[in-house]
Structure formats: structure tokens, C-alpha cells
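Taking it in order: structure first as C-alpha cells, then the write-up.
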Number of protein chains: 2
Amino acid sequence: MAGKDNRVTINDVAKMAGVSKGTVDRVLHDRGEVSPKSREKVLKVIEELGYKPNFYASILASQKKHRIVCVIPEYVSGDFWSLTARGVEESAETSSRFGVTVEVVTYDQYDVESFRHVCNRVLADLPSGVVVAPMFRVETLNFVKKLDASGVPYVYIDSKLEDDSYFAYFGMPMFQSGYLCADIMADGRSLEKILVVRIERDKMGYSDPTVARRTGFMEYMAEHCPGTDIVNVFIDPKNPDDVRRKLDEAFAGPSENMGVVMFNSRIHLVAEYIRERAFKGVRVVGFDALEKNLDALRSGHVQMLIAQHSDRQAAMAVNALVDNLIHGEPVHKKDNYTQMDILNRYNCDYYM
Amino acid sequence: MAGKDNRVTINDVAKMAGVSKGTVDRVLHDRGEVSPKSREKVLKVIEELGYKPNFYASILASQKKHRIVCVIPEYVSGDFWSLTARGVEESAETSSRFGVTVEVVTYDQYDVESFRHVCNRVLADLPSGVVVAPMFRVETLNFVKKLDASGVPYVYIDSKLEDDSYFAYFGMPMFQSGYLCADIMADGRSLEKILVVRIERDKMGYSDPTVARRTGFMEYMAEHCPGTDIVNVFIDPKNPDDVRRKLDEAFAGPSENMGVVMFNSRIHLVAEYIRERAFKGVRVVGFDALEKNLDALRSGHVQMLIAQHSDRQAAMAVNALVDNLIHGEPVHKKDNYTQMDILNRYNCDYYM
DNA sequence: GAAAAATCCGTGACCGTACACGGAAAAATT
DNA sequence: AATTTTTCCGTGTACGGTCACGGATTTTTC
């Protein structure tokens, strides 16, 4: 506890063990070429003296260059994946001090082929570690299997797959986030109808990370509000007219005491619609702290958001790899569920 | 953007500027003994080459030992200040790598004399930087004035005072947290009565950081729920009998549609009482993610908590000082308001 | 038992910076 | 003009590691 100032160095260990620092270094890095008994002795002395290598001397001396690549969906400024990218950017800065470069490569999340292509590029020039946000189940499994075979550690962010040789996972508990969302939507009020707004793609075969979220939501509703009418509305987010038409239809009936929810980050589309139509009293709940969503929160067109720090998530993913690469540290926890932040108009301005 | 691998070193700069690395070093650290024109030239070359000192070589070479002390109220495991202490502990670990030792000293927050004593001890053996959680206004101002005079940077955590030579502040926006709290308590329901449970000390002259929070709460209520009856209840937290008696009195009347709130971290006392009396339907809202409070959340005796990551807060405070001491970095922002986290039974388990 | 191979280990040159030391050049003094 | 003082700057060592290189021992081979 009492911080010792007399740091013990590799030379101290060497002297004490009656060998040279070269030998100590060899056992430290398991580089072989050390007789069992020297090894033994050095290890014992290290233990006794409580030797900790000087991190900085180490980095300085070993001019190793590690490279980490992050494979995430394409993004444009302000959307969900741009947050992740920002997190990567941030940790890249820190990591560069450690001689680790971090590289972001993106793929079209609606196009398997582009994902395959990116994977191949990564495999062609193997990095020291990989961070991947999986959208295509089979292809990702295939990808990571090859990484694993080459001894390249990989970590999942956002969502994970059911293999188990991943190095770590950082993401939101999807099911629970849906459950929580339902509670926020419904608790203490008796809603007659809830629109679940989904985007067309949901219907297709892609592995959509938000399905678990929807499941959580539905489960809560079934348990706590069996009487509430839940209506699915499918929209094409790229087509404003379509959005307007579909929502007009959905809002047509008796729109008293209604709720609207989306399980991806696009709730601002709904907010926009509601602003246009000047609807009052609709309870709108969504996910992710995109700037557009926060604006909707401020203007009162969205009541609540559930957010995660995807930037921090990404940063932690990268850092976990860096720690491992540089310091050989194992992960603290393999599965890291980041907190679910509930935002409303009164606390959103203090969200990062 | 494209990560350059060819880091430029102090030698490159020296060569380019036609001087020796010693001179470059002198201008880098403003150590004088450099002619204006050499200085000029070096500065220009640094600019051109985009030279960034190698952090690690720098730390390694300068064997400076910095010491930071954190002055916070005494704590026992599980209470509010223990969270802060934990954050300090964490950042202490990181900081030790930088040759910075972090030391925690505590005072009795109910005893000015103990605070004075601690301050004197700190002043007697000046550290390189100070983190302080102020509870006594006058004494703290006096303390920091002396620190300032000695050129020791200090940062406030938790709450800040109205001087302005502090290096930084990390804390929750107290007024807004009260405002938010009121919204969480009252929004969408029509409460008849709200008990504001306070501890005796509130009545005395101590500078209580939670007054701003209470003000925020009251302001919201005045604006949005003028009809709600707000009743102050003073308890002695150390005396369970007193708590029970006072709350019994407060709950005596028509206890339909009631709310209870506390502005410090002791809401678990109320939860305990409610559990004992097996009251139903009371809306209980409080602050801070103490283990006891989280338990109350899980068991349903508290509906909502507003939390802050006081550990992260403390860590950031220490880190800001470390960055400044080691790297001479100025603060990003002087006032750092940490986010206000809304916790209920469904997201509290993922809160760190 | 000598030669070849394998094993083990010490040496020393770095990594990029900080800073003490002492000397050269310029300025001030006499 | 000679001397002293001041200003300015280059040199060299240390910080605590990493790793290539080559030498010394030991083991294997024939």
C-alpha cells in the first residue's frame, strides 16, 4: 500500500539472481535459451523483489509496431456508427503513444459482399488484433475462425456471436435494453397502443442485432401490459414519403394514449414526423444518443432515449487489445456489458 | 491522417535547426539560456516538422516524482465517499506509472477542526497538486488561497466554491440534478404530497452541497406541480429510532399518492423504513449508486436513483492534474459536469 | 577423443529524452 | 586592451528496458 519509491529494476533482479539482465529479459519474455535452473532462480527473485518492468522503458526500447484494425459498418457524420468511429479515433490517439496504430475499415452493412471483401483484405495483411462489429453471422464466424487460426485476437463490439474464442466483447445487453425500454415506455401509464416502427430490412434474413431488443420489449409488455395493442410499422428510412405515408396510416385510428418506439437509432425519423403533424401527447421512446435524437429530446418530440456510450465501448475494446499486446495482460472480463443510460430532456445536455 | 511511422525526434529538430539537442530541450522546457534567434529557429523547425516529444522517453529520463493529495471526507466501505476513494485508487494505479503518487487524506465532514488540521498537514508538506472535496466554505477558501500562493494547482470535486483560481472542477450539476429529480418524481403523475427528507445537519451553518439540488427540485415543482404539498422532514441518520418516529409522523396523514425524496445519498434509510412498514405505492427517488441504494432499487422500495460516477469523477480530477504536471497540458475544460445517470430496477445491474 | 552442434548466457549498442557540466563567445567592466 | 562576467550552447551520461551478436559450455556425433 505504501507507495515504494525504490523501484526495482531489471539490473537489480539480474544481480540478485547472479545472471545478466539479458537472461532476466529472456525469462521475462519467455524467449527461451535459458536453463531451467537459471529460469527458476530469476523467477524466484522477481517474486521476492516484486519486480515490475518499467512500462515506459519497455515501450521505448522495443520499437514494436502493432496494428489493430476495427471492422465496422460504414457511417456518415452523426449516425450511430460514427459514434463508434469516434471512440476508435480517441483510443487510437492514446494507443499511438504505445506504438500501436489503429485503423478503421468499413463495410456496407446491407451488402454481404462488401463485408467479405473487407475481411479478405484484413486477412491478407494480418494485423496484431481485430475489433469487429458483426452484422453478418455466417461470414463473421468464418472470418474470426481464420483470425483465430492465425493467432490474431479479436474482440466483438455492439453485438457478439455464439463462438467462444473471442478475446472480449463490449456491448449493451440487448434483451435487457428492450425490457428497460418497455418499462420506460409503459410504466405508470396505461397505453392503448404502441407502434413499433421497424425498417424494411428487419424483414429480411440479415442478422439484426436489435431483434433481441425487440424480444425484451415484447416480453415486458406481455408480462406487464397484456392489454396494450402492439402494431408493427415498416418503413423505408431512406424514403421520407414512405415514412410519412406509413405513419399516417398507423396514426389513423384512435390515436389517444399512444406510444411509438424504434429499436434502432432512427427514432428521430418519428420525431420529425410528429413535429410535422404537430401531434401532442404521443409517448416516443428510442435508442442512442445521436445528435438528431438529442435534438428531438430537447424539442419534446421524443420523451426518452436509452443510450450507451458506444464511443467508450469502442475505446475499451481497442484498449483491451492494446493492453494485451503491449503488456500481455489478459482481459478482466470477457463479456463487458456497458451501462444503459436513460436520457430525457433534463439530463441529455450533460451526456458527454 | 495517414499514421506516419517516421517519428521526428529531438535530434532531427536539433540537426535541422543547426543547434544541439541540449538547446532544443531548453526551448522545449522554457529553461532559458537560449538566444532569441536560436529559440526562434528551433520553434520554427518544431512547427515545420510537427515534432512531438516522445512521452515515454521523457518520463523515463526525467525521474521526477510528483505527489498528488486528495482531501475528501472520511468514509467507510459502501458509503458515498468510498466511491470517490475508489476512483482515486484506480487513477493512482495509472498515475504511478508516470511517477506520480497519489495520496488520500480524509477529514471528518462534521468537524471543521479536523478539516483545518488536514489542511495544515498538506500545507506543511506541499504536494505538486491537490484534489479537494469542499465541505467547509471559509476554511476551504483559506486553504486553496494558500495553495494558490505556493503555485500548487488544486481541483475541486463534487462541489466547487466561488473562487476562480481553481485548476478544474469535476462534479454533477447540482441544481439541474434536483430539477431532473423532480421531473422523475412527478412527471406524468399527480402526486399529492412529497416528503423531502433531510438530515439534521442541513439546518446548521455548514455549507451543504445539496442545497442547490434542493433548489432545483423546488423550482421544478413550483413550475410544473404547484399544487403538490411539499413537506420537510428532518431526521438523524445515525439514530434509527428517530428516523422511524419522524417518518411515522410524516406518513401519518392521508398517504395516498405520495412521494419521498432525499438529496443526499441516504435514501436507503427511507427504503428500509418503507420495507419495515410494508408501504405500497409510495414513489421513492434518491441519489447515488451506493450498494444499499441499489439493493433498494432491486427490491422495489426505491423507484429511481440519480447517480453520477463519482469514481470516474475523482479519477478524471487526478488525471487532469497528472496530465498537467507531466505534460504541462492545460485543462480541456475548467468546469466538467459529469453526466446524470437515471437508474431503475432494470438498468441498475449494468451500472459499472 | 576430436569435431560439430546445440544450448546457454553476457555484452553492448540502441530507444528518445533530461539535465549537469564545462567551455566558447559575447558583453560588461576596469 | 585585458579581465571579469554573463550569456549561450554542445557534450556526455543516465533512465530502464530490448535484442542482436558472439563467445563459452555442454552435449551430440562419428
Side-chain angles (χ1 to χ4, degrees), chain A residues 4-43 45-46 49-66 96-100 325-328, chain B residues 4-43 45-46 49-66 96-100 128 325-329:
Chain A
K4 300 200 171 194
D5 247 22
N6 38 2
R7 304 250 326 154
V8 10
T9 77
I10 201 174
N11 275 311
D12 299 333
V13 174
K15 213 160 294 171
M16 188 109 297
V19 297
S20 76
K21 58 180 181 155
T23 303
V24 176
D25 186 66
R26 272 183 284 264
V27 346
L28 278 174
H29 296 73
D30 263 324
R31 268 198 278 120
E33 313 207 347
V34 177
S35 70
K37 66 167 175 283
S38 298
R39 196 185 137 77
E40 222 29 55
K41 197 165 196 174
V42 168
L43 249 22
V45 172
I46 287 179
L49 267 50
Y51 167 74
K52 294 275 172 213
N54 182 317
F55 203 59
Y56 300 102
S58 171
I59 290 179
L60 182 59
S62 92
Q63 299 284 77
K64 277 207 201 91
K65 299 292 176 199
H66 284 291
S96 75
R97 296 173 165 182
F98 294 78
V100 179
L325 292 173
I326 299 289
H327 223 175
Chain B
K4 300 200 169 193
D5 247 24
N6 39 0
R7 303 253 321 155
V8 12
T9 77
I10 201 173
N11 272 313
D12 301 331
V13 175
K15 213 160 293 171
M16 188 109 297
V19 297
S20 76
K21 59 182 178 150
T23 303
V24 175
D25 186 67
R26 272 182 284 264
V27 347
L28 278 174
H29 295 72
D30 263 325
R31 269 199 277 118
E33 313 208 346
V34 178
S35 70
K37 66 166 175 282
S38 297
R39 198 184 135 77
E40 218 37 48
K41 196 166 197 173
V42 169
L43 250 21
V45 172
I46 287 178
L49 267 50
Y51 166 75
K52 294 275 173 215
N54 181 315
F55 201 58
Y56 301 102
S58 172
I59 290 179
L60 181 60
S62 91
Q63 298 284 82
K64 278 206 202 94
K65 298 292 177 200
H66 285 290
S96 75
R97 296 174 166 180
F98 294 77
V100 179
S128 327
L325 292 173
I326 299 289
H327 223 175
E329 277 194 19

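All values below come from the heavy atoms of this structure, side chains included, with hydrogens, waters and symmetry mates left out. The chains referred to below are lettered A, B, ... by the order of the sequence lines, with proteins before strands, and numbering in each begins at 1.
- What separates CG of A:Asn54 from P of D:dC15 is a distance of 12 Å, to the nearest Å.
- Across all strands, A:Lys37 comes closer than 4.0 Å to no nucleic acid atom at all (heavy-atom distances).
- In terms of phosphate contacts, B:His29 brings a side-chain nitrogen or oxygen within less than 4.0 Å of OP1 or OP2 of C:dA18.
- For the pair B:Lys15 NZ and C:dT17 P, the interatomic distance rounds to 13 Å; values are reported in whole Å.
- When distances are taken from the side chain of B:Lys64 to each of C:dC19, D:dG17, C:dT17, the shortest belongs to C:dC19.
- To the nearest angstrom, P of C:dT11 lies 10 Å from NZ of A:Lys21.
- Of the residues near DNA chain D, B:Gln63 and B:Ser38, the one whose nearest nucleotide (by heavy atom distance) lies more toward the 5' end is B:Ser38.
- OP1 and OP2 of D:dG16 both lie 4.0 Å or more from every side-chain N or O belonging to A:Thr9.
- Taking the six-membered ring where tryptophan is involved, the planes of B:Phe98 and B:Phe55 are perpendicular, since the angle between them exceeds 60° and thus also 30°.
- With both pairing distances under 3.5 Å, C:dT29 is matched to D:dA2 as a Watson-Crick or G-U wobble pair.
- Phosphate contact (OP1/OP2 of C:dA18, side-chain N/O of B:Ser58, threshold under 4.0 Å): present.
- Across all strands, B:Tyr51 comes closer than 4.0 Å only to sugar-phosphate atoms, never to a base (heavy-atom distances).
- Checking C:dC15, C:dC9, C:dA18 against every side-chain atom of A:Ser35, the shortest atom distance belongs to C:dC9.
- Atoms CZ (A:Arg31) and P (C:dC9) sit 13 Å apart, rounded to a whole Å.
- When each of A:Asn11 and A:Glu33 is assigned the nucleotide of DNA chain D bearing its nearest heavy atom, the one mapping closer to the 5' terminus is A:Asn11.
- A:Ile59 places its CD1 atom 15 Å from the C1' atom of D:dC15, with the value rounded to the nearest Å.
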Chi angles and distances behind the side chain to side chain contact (heavy atoms under 4.5 Å, CB included) call for A:His66, A:Lys64: CA-CA 6 Å; A:His66 284 291; A:Lys64 277 207 201 91; 4.0 Å; yes

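- For B:Thr23, the side-chain atoms get nearest to D:dC9 when compared with the rest of C:dT17, D:dG16, D:dC9.
- Checking C:dC19, D:dG17, C:dC8 against the side-chain heavy atoms of A:Pro36 singles out C:dC8 as nearest.
- A straight line from CG of B:Leu28 to P of C:dT17 spans 8 Å, rounded to a whole angstrom.
- Listed nucleotides: D:dG17, D:dC8, C:dC19. Nearest to the side chain of B:Asp25: C:dC19.
- The distance between atom CG of A:Leu60 and atom P of D:dC19, rounded to the nearest whole Å, is 12 Å.
- OP1 and OP2 of D:dC15 both lie 4.0 Å or more from every side-chain N or O belonging to B:Ser62.
- Residue whose closest nucleotide on DNA chain C sits further toward the 5' end, between B:Ala57 and B:Arg26: B:Ala57.
- Exactly one residue among A:Asp30, A:Thr23, A:Val19 makes a side-chain contact (heavy atoms from CB on, under 4.5 Å) with A:Arg39. That residue is A:Asp30.
- Residue B:Glu40 qualifies as open at atom CD: its count of foreign heavy atoms under 6.0 Å is 12 or below.
- Atom NZ of A:Lys41 is separated from atom C1' of C:dC9 by 14 Å (rounded to the nearest Å).
- Counting all heavy atoms, side chain and backbone alike, B:Arg7 lies closest to B:Asp12 at O-OD2, 4.0 Å.
- Counting heavy atoms from C-beta on, the side chains of B:Thr9 and B:Asn54 never come closer than 4.5 Å.
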